[in-house]
Q: 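Before I ask anything, let me first share the structure, which is written out below as structure tokens.
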Amino acid sequence: MRIATWNVNSLRSRIDRVEAFLERHDVDVLALQETKAREDQLPLMGLQARGYDVAAHGIDQWNGVALVSRVGLSEVQVGFPGQPGWGETLKSEARAIGATCGGVRIWSLYVPNGRKPDDPHYVYKLDWLARLREASTEWLDAPTALVGDWNICPTDDDVFDPAQFRNSTHVTPAERAAFQAFLDGGWTEVTRSYAPGYTYWDYYRQRFERDRGLKIDFVLGSPSLAERVNGAFIDREERAGQGASDHAPVVVELAD
DNA sequence: ATGGTCGGCTTCCGA
């Protein structure tokens, strides 16, 4: 079974690329982030005609997450137990959707960006991660994958210029500790060993052409999921050319 | 420090 995760940066503007990507790589389950649409706005007819089921959640033009599966899609859950709600000044609540696909529990996650370390969104990000980690301990005993845009660079190797990013969000010790807490708790990041390199490049300053990016999209597996992983890759081709998302998809291969 | 480029309920905001 092939699972993929992709911050698509608007599903409506890239639905053709999504359909082509699924077929090009024979993907069974695709987790999407930053769909940037409410459920009723999503262009799903093409996917459904191709035999894919879709579960999506979005409440406005910001963010939004979805799961696309051709191996079944059941027990859909929007948000995780304890997921903190937003205050008056924070935007967009759609951050997590989970479902069982092909016997695997998959969560499409859009970890809050954080903006800046002195911003309320940064505090929310750390709170969100702490509550996800608490909720996710219950899922370790089953084959489970926590996939998506984590908006964290776990090491300096995951940043094209660590000096430039000092004191910025994505690289602070607190964010790295929040990510490490998942690993310490029993989750395994299953893509890095097979697929080194960045997964995100800013649109401006020709960051992709110069390979000046960040590694922020990850797949964390429970023990029974991680032991089935026998490959992974980053689809860098998808980031090239006109009309690309600023993230490349990450694909994971699971043994049957 | 600044600005660069995208998408979207577009003349600003969020990333």
Side-chain angles (χ1 to χ4, degrees), chain A residues 5-21 31-44 56-66 84-96 108-129 147-154 158-172 175 178-179 198-218 235-250:
Chain A
T5 180
W6 188 10
N7 181 322
V8 72
N9 188 18
S10 170
L11 185 53
R12 280 176 290 175
S13 72
R14 256 174 282 286
I15 185 63
D16 293 346
R17 277 179 174 262
V18 168
E19 292 175 1
F21 164 77
L32 293 161
Q33 301 88 35
E34 288 206 66
T35 51
K36 291 190 174 177
R38 303 184 311 267
E39 288 110 292
D40 61 288
Q41 296 177 308
L42 291 173
L44 305 179
H57 184 57
I59 58 174
D60 53 30
Q61 74 270 40
W62 313 112
N63 307 310
V65 287
W86 289 81
E88 291 284 313
T89 61
L90 306 179
K91 291 198 173 178
S92 187
E93 210 159 344
R95 300 282 183 176
S108 179
L109 305 171
Y110 183 68
V111 174
N113 175 284
R115 299 191 183 184
K116 291 179 177 174
D118 61 357
D119 192 293
H121 289 82
Y122 177 86
V123 177
Y124 179 80
K125 177 182 194 174
L126 294 177
D127 186 28
W128 194 95
L129 285 162
V147 317
D149 179 355
W150 289 75
N151 273 318
I152 298 171
C153 302
D158 303 322
V159 192
F160 69 88
D161 184 355
Q164 184 181 133
F165 275 77
R166 277 184 59 199
N167 304 319
S168 298
T169 183
H170 292 48
V171 306
T172 63
E175 289 164 282
F179 187 86
Y198 305 131
T199 63
Y200 162 84
W201 301 259
D202 253 322
Y203 280 124
Y204 41 75
R205 291 197 169 182
Q206 296 187 300
R207 288 267 172 86
F208 178 69
E209 288 76 4
R210 297 153 65 203
D211 196 27
R212 293 168 72 78
L214 307 176
K215 193 175 187 67
I216 54 178
D217 299 273
F218 297 103
D235 183 11
R236 288 179 60 105
E237 290 272 313
E238 179 53 53
R239 178 62 181 81
Q242 290 290 310
S245 168
D246 45 2
H247 291 248
V250 181

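Since this is a predicted model, take the numbers as computed values, not measurements. Just so it is clear: chains get the letters A, B, ... in the order the sequence lines come, proteins before strands, and each one is counted from 1.
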Q: Quick check: on DNA chain B, is the nucleotide nearest Arg38(A) upstream (toward 5') of the one nearest Tyr204(A), or the reverse? Name the residue that is more 5'.
A: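 Looking at the nearest nucleotide for each, Tyr204(A) comes out on the 5' side.
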Q: Of the nucleotides dG7(B), dA15(B), dG4(B), which one has an atom closest to the side chain of Lys36(A)?
A: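 The closest nucleotide is dG7(B).
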Q: For the pair made of OH in Tyr124(A) and P in dA15(B), what is the distance, rounded to whole Å?
A: 12 Å
Q: Between dC9(B), dA15(B), dT5(B), which nucleotide gets closest to the side-chain atoms of Tyr203(A)?
A: dT5(B)
Q: Using the C1' atom on both, measure dA15(B) against dG3(B) and round to a whole Å.
A: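 Per the computed distance, 15 Å lies between those C1' atoms.
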Q: Using whole Å, report how far CZ of Arg205(A) lies from C1' of dT5(B).
A: 11 Å
Q: Starting at CG of Asn9(A) and ending at P of dG7(B), how long is that distance when rounded to a whole Å?
A: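 Taking CG of Asn9(A) and P of dG7(B), I get 7 Å after rounding.
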Q: Measuring from the side chain of Ser10(A) (C-beta onward, heavy atoms only), which nucleotide among dG7(B), dA15(B), dG4(B) has the closest atom?
A: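 Taking heavy atoms from C-beta onward, the closest nucleotide is dG7(B).
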Q: Would you please say whether a donor-acceptor pair under 3.5 Å links the side chains of Asn113(A) and Lys125(A)?
A: no
Q: Quick check, are the ring centers of Phe165(A) and Phe160(A) under 6.0 angstrom apart?
A: yes
Q: Which is true for Gln206(A) with a 4.0 Å heavy-atom rule: it touches a base, it touches only sugar-phosphate, or it touches nothing?
A: nothing
Q: Tell me which nucleotide among dT5(B), dA15(B), dC9(B) gets nearest to the side chain of Asn63(A).
A: dA15(B)
Q: Looking at Asn7(A), Thr5(A), Asp217(A), which one forms a side chain to side chain donor-acceptor pair (under 3.5 Å) with Gln33(A)?
A: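 The passing option is Thr5(A).
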Q: Could you tell me whether Arg38(A) and Asp40(A) have a side-chain N and a carboxylate O separated by less than 4.0 Å?
A: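 Here Arg38(A) pairs with Asp40(A) in a salt bridge, since their nearest N and O are under 4.0 Å apart.
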Q: Within this structure, what is the CZ-to-P distance between Arg166(A) and dA1(B), rounded to whole angstrom?
A: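 Going from CZ in Arg166(A) over to P in dA1(B) covers 12 Å.
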Q: Roughly, in whole Å, what's the span from CD1 in Ile152(A) to P in dA15(B)?
A: 15 Å
Q: Please report, rounded to the nearest Å, how far the C1' atom of dT10(B) is from the CH2 atom of Trp62(A).
A: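 Rounded to whole Å, this separation is 9 Å.
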Q: Looking for any heavy atom pair under 4.0 Å, which part of the strands does Arg207(A) touch: base, sugar-phosphate only, or nothing?
A: nothing
Q: Which is true for Arg14(A) with a 4.0 Å heavy-atom rule: it touches a base, it touches only sugar-phosphate, or it touches nothing?
A: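 Result for Arg14(A) = sugar-phosphate.
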Q: Under 4.0 Å from OP1 or OP2 of dA15(B): is there any side-chain N or O of Arg115(A) that close?
A: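 Affirmative; the distance criterion is met.
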Q: Please list all pairs meeting salt bridge (charged side-chain N to carboxylate O under 4.0 Å, His left out) that have one or both residues in residues 7-17 of chain A, counting only residues at least two apart or in different chains.
A: Arg17(A)-Glu238(A)
Q: Just to confirm, is there a sub-4.0 Å distance from OP1 or OP2 of dG7(B) to any side-chain nitrogen or oxygen of Arg12(A)?
A: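 For Arg12(A), the contact criterion (side-chain N or O under 4.0 Å from OP1 or OP2 of dG7(B)) is not met.
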Q: Output the rounded distance in Å from CG (Asp60(A)) to P (dC9(B)).
A: 9 Å
